[in-house]
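Here the structure is a predicted model, which is why all the values come from computation and not from measurement. The chains referred to below are lettered A, B, ... by the order of the sequence lines, with proteins before strands, and numbering in each begins at 1.
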Number of protein chains: 2
Amino acid sequence: MKDVAAIAGVSVSTVSRVINNAIPVGARTRELVEQAIGEVNYRPNLLASGLRSKSGNLIGLAVPEIGHQSFDTFIKYIEEYARANKYGLILGDIQNDADGEADFIDQLIRRNVDGIIFIRVSDESRALEMLNSTTIPYVVLDRGASTATAPTVVMDNHQAGRLAAEHLIALGHRDVACVTGPLNVSLCRDRLDGFTQTVSAAGLRLLRHDIHESDFRFESGVKLVPALLERGPPVTALWAQNDLMAIGIMAGLKDHGLSVPRDVSVIGVDDIVSCRMLRPQLTTVRQPFREMSRAAVELLLRESALGERISEKIAIPTELVVRQSTAPPRDVRSQCQRVLSTVETLKSVAEEVR
Amino acid sequence: MKDVAAIAGVSVSTVSRVINNAIPVGARTRELVEQAIGEVNYRPNLLASGLRSKSGNLIGLAVPEIGHQSFDTFIKYIEEYARANKYGLILGDIQNDADGEADFIDQLIRRNVDGIIFIRVSDESRALEMLNSTTIPYVVLDRGASTATAPTVVMDNHQAGRLAAEHLIALGHRDVACVTGPLNVSLCRDRLDGFTQTVSAAGLRLLRHDIHESDFRFESGVKLVPALLERGPPVTALWAQNDLMAIGIMAGLKDHGLSVPRDVSVIGVDDIVSCRMLRPQLTTVRQPFREMSRAAVELLLRESALGERISEKIAIPTELVVRQSTAPPRDVRSQCQRVLSTVETLKSVAEEVR
DNA sequence: ACGTGTTACGCAATCGTTTTCAGACCATAG
DNA sequence: CTATGGTCTGAAAACGATTGCGTAACACGT
């Protein structure tokens with residue numbers, strides 16, 4: 001910067017003003033300085049500027065686990081919106097480790113970040129209290145537990161449950177079950193409420209043992225299938241509170257020789273990219289990743305500009321994405337008919353081959 | 001820091017020495033200072049320390065696209081190893097946009113990062129030349145093109161092609177095809193070479209029109225299926241150079257009423273998490289994500305410590321992961337047998353139902 | 001008693017910016 | 001011609017750490 005100043009024949013203050021295009025600087029001078037900047041290929045040092053001006057144009061993002069498709073989608077969009085606003089993104093994987101999280105937050109504080117986005121803070125997290133002793137803004141995306149007063153962006157989880165239920169009811173299902181995430185996290189309860197309310201308003205009964213609490217993981221979906229099947233009169237439709245479990249359930253059903261959606265319909269939540277890669281493609285309730293990410297970044301930047309926390313709660317509406325994994329419940333009579341005609345076809349083919 | 005010094009009754013220099021536990025500092029003094037640090041809950045400012053000492057303990061990661069399972073897996077492990085070494089990770093999504101990339105690199109240079117990891121630099125990338133005019137170390141992971149002299153970490157792509165071919169040959173396939181990524185990126189050529197060499201060494205012929213060049217995307221796999229089927233004598237096995245395309249092909253085959261692995265075997269490369277979520281589960285050649293990430297971070301840190309570029313090329317060995325999507329080629333006679341017995345079963349079931 | 005070496009610590013400069021304050025310059029109005 | 005005000009620019013003090021250099025204190029051998 002000193003070099004630039006020397007070349008342009010001005011002082012460093014002026015150079016600084018040109019860079020941040022502050023107002024009181026003459027057109028001729030500005031031109032001179034800009035030329036000098038180009039000449040030495042000068043890049044202002046963000047550490048120094050951050051140190052002095054208290055803003056390094058950097059935000060932090062804490063995710064529960066990198067490599068989960070839904071979190072990764074958030075990362076993608078948050079990076080996009082952050083960059084669009086000239087902010088850098090520093091990423092941390094929490095991995096369900098409260099100490100690791102504390103370390104990460106500590107690092108962010110020490111780096112003087114302009115704000116922090118959390119995806120789903122856990123119960124044992126000390127992060128928010130750490131931050132409350134500072135002035136650093138934060139927002140919680142896809143909220144977990146115990147974030148009563150925090151600025152928050154979520155999808156409309158109640159609506160999500162309702163949409164799933166309405167879809168199954170409209171298809172004619174009378175006997176449904178559901179698989180939830182951990183019920184100590186509020187978004188799971190919200191989704192469940194929306195589902196059960198709609199279901200019972202339609203006159204169906206959702207029995208206690210048809211609500212299975214699980215943990216959002218694919219393998220858990222697979223492992224749940226035997227329990228699902230062993231119940232007396234089988235359900236004809238199943239709602240999982242996220243796609244990963246839904247996909248697990250579909251895999252498990254297939255392993256047991258059952259067919260989706262003929263034998264049972266399956267519907268999820270999220271609309272991760274895998275949904276379209278399966279056969280049948282998964283019907284699901286879309287999580288508005290892009291809109292949520294955008295809202296989170298904007299809320300954060302608003303807090304940052306304002307200089308104080310905005311304890312706002314934003315809920316983004318959802319929508320149903322109908323694909324191939326849901327269908328009307330099977331009807332024994334027509335089923336039987338189909339089997340018989342298939343038999344005839346097969347028989348003639350086989351004879352011919354022989 | 002001044003406060004801490006005042007409380008402990010020492011100078012700031014001493015406090016600094018305690019923090020970086022430099023050697024010449026008395027045990028008693030150290031204790032005093034540490035106590036003072038705890039008292040005011042002091043956190044050293046990383047911007048200031050970075051500014052002065054020229055190392056902010058930060059590395060940059062440029063990925064071609066967040067949200068691709070394989071890249072996300074790299075992100076996960078790189079974050080893990082970076083953090084294990086007390087480094088922060090700042091993430092950028094390039095999205096095939098050379099200008100965006102240049103912006104990101106510029107930002108990193110200005111932040112004085114200790115190093116940069118690239119996943120797959122593209123052809124039009126100006127990033128490497130930008131960096132060559134600085135002293136910032138970098139390493140290229142899963143290399144693309146034109147990185148002749150750059151420090152590089154790759155999987156053993158030739159071996160990957162060989163393993164895939166060997167597996168199919170061992171199963172008894174004589175008529176195979178393959179779907180590649182863009183052949184102007186070297187790793188695709190390497191994989192292909194390994195495959196074709198092994199195949200022809202075994203006496204099979206891989207015809208020119210059985211090598212389909214594609215672009216690593218799921219949809220491309222789906223769309224390729226008609227072309228695959230319309231060729232005269234059908235192939236019995238298919239190798240895709242990544243899992244996403246392999247999965248697309250499996251979906252496309254299913255859409256055309258064909259069954260994997262009964263009608264055709266499919267094998268991929270990568271071992272992304274989705275492989276286990278499908279039915280049939282995808283047989284594949286594993287990309288050693290974890291090992292590669294680790295090697296990249298370590299190489300970077302070595303360069304950083306040494307203060308100069310190490311133009312080393314590290315190739316990590318691969319392994320085959322056999323799952324459900326590959327099987328011996330179908331045999332018309334036994335196939336026919338199976339159909340006949342199925343017919344009998346169905347018939348009796350149907351009669352019973354009626 | 002003195003030189004010599006070692007260890008522990010403080011002073012002050014420094015990293016590369018931003019920002020306050022004051023001064024220079026010019027135009028306009030009185 | 002002088003007061004007044006506005007616009008532009010420069011000097012210098014921060015920001016919060018690290019670090020080279022100097023010095024006090026102490027132990028040791030002579």
Side-chain angles (χ1 to χ4, degrees), chain A residues 1-37 40-58 86 88 106-114 134-136, chain B residues 1-37 40-58 86 88 106-114 134-136:
Chain A
M1 180 152 163
K2 268 191 295 215
D3 299 347
V4 174
I7 293 181
V10 298
S11 75
V12 291
S13 339
T14 305
V15 176
S16 170
R17 281 190 265 261
V18 170
I19 290 168
N20 308 318
N21 41 33
I23 357 117
V25 50
R28 173 93 189 106
T29 317
R30 160 154 292 148
E31 196 177 312
L32 233 52
V33 172
E34 271 163 358
Q35 189 179 325
I37 287 180
V40 292
N41 192 20
Y42 163 70
R43 308 177 211 264
N45 181 315
L46 283 174
L47 291 186
S49 114
L51 174 60
R52 177 63 227 240
S53 70
K54 307 280 178 212
S55 162
N57 273 240
L58 197 58
K86 304 282 180 203
D106 190 66
Q107 183 200 146
L108 294 181
I109 296 176
R110 293 171 50 189
R111 279 193 205 286
N112 229 308
V113 295
D114 298 281
T134 74
T135 148
I136 299 180
Chain B
M1 180 150 164
K2 268 190 296 215
D3 298 348
V4 173
I7 293 182
V10 298
S11 74
V12 289
S13 339
T14 306
V15 176
S16 170
R17 283 190 263 261
V18 169
I19 290 168
N20 308 319
N21 41 33
I23 357 116
V25 52
R28 174 91 188 107
T29 316
R30 161 156 289 150
E31 196 177 313
L32 233 51
V33 171
E34 271 164 359
Q35 189 178 326
I37 286 180
V40 290
N41 191 22
Y42 163 72
R43 307 178 211 265
N45 181 316
L46 283 175
L47 292 185
S49 108
L51 174 60
R52 177 63 225 243
S53 70
K54 306 276 176 218
S55 162
N57 274 240
L58 196 58
K86 304 282 179 205
D106 191 65
Q107 184 200 147
L108 294 181
I109 295 176
R110 294 172 48 189
R111 282 194 203 285
N112 229 308
V113 295
D114 299 280
T134 74
T135 148
I136 300 180

Could you give the CE-to-P distance, from A:M1 to C:dT14, as a whole number of Å?
18 Å
I need the CZ-P distance between B:R110 and C:dT17, as an integer number of Å.
9 Å
Testing the basics here: between A:A5 and A:V12, what is the closest heavy-atom pair and its distance to 0.1 Å?
CB-N, 3.8 Å
Flag, side chain of B:R111 to backbone of A:G56, donor-acceptor distance under 3.5 Å
yes
Sequence-aligned protein contact record of nucleotides 6-12 of chain D, with B where the base is within under 4.0 Å of a protein heavy atom and S where only the sugar-phosphate is
--SBBBB
Spacing between B:R111 atom CZ and C:dG16 atom C1', to the nearest angstrom:
15 Å
From NZ of B:K2 across to P of C:dG10 the rounded distance in Å is 16 Å
Kindly give the heavy-atom pair with the smallest separation between A:K54 and A:D114, and that separation in Å.
O-OD1, 4.3 Å
In whole Å, I'd like the distance from the CD1 atom of A:I109 to the P atom of D:dG16.
15 Å
Heavy-atom pair of closest approach, residues A:L47 and B:L47:
CD2-CD2, 3.5 Å
Inter-residue atom distance A:Q107.CD - A:R110.CZ, 0.5 Å rounding
8.0 Å
Any chance you could measure B:R30, atom CZ, to B:I19, atom CD1, to the nearest 0.5 Å?
11.0 Å
Figure out the CG/P separation between B:N21 and D:dA17, and round it to whole Å.
16 Å
Do the side-chain N and O atoms of A:S53 and A:S55 include a donor-acceptor pair separated by under 3.5 angstrom?
no
Heavy atom of residues 44-57 of chain A under 4.0 Å from DNA chain C: which residues?
A:P44, A:N45, A:A48, A:S49, A:R52, A:S53
How long is the line joining CG of A:N20 and P of C:dG16, in whole Å?
17 Å
Whole-Å distance between D:dT18 C1' and B:I19 CD1?
10 Å
Side-chain contact, heavy-atom cut-off 4.5 Å: A:I7 with A:Y42?
no
Side-chain heavy atoms of B:V40 within contact of B:V4, under 4.5 Å:
yes
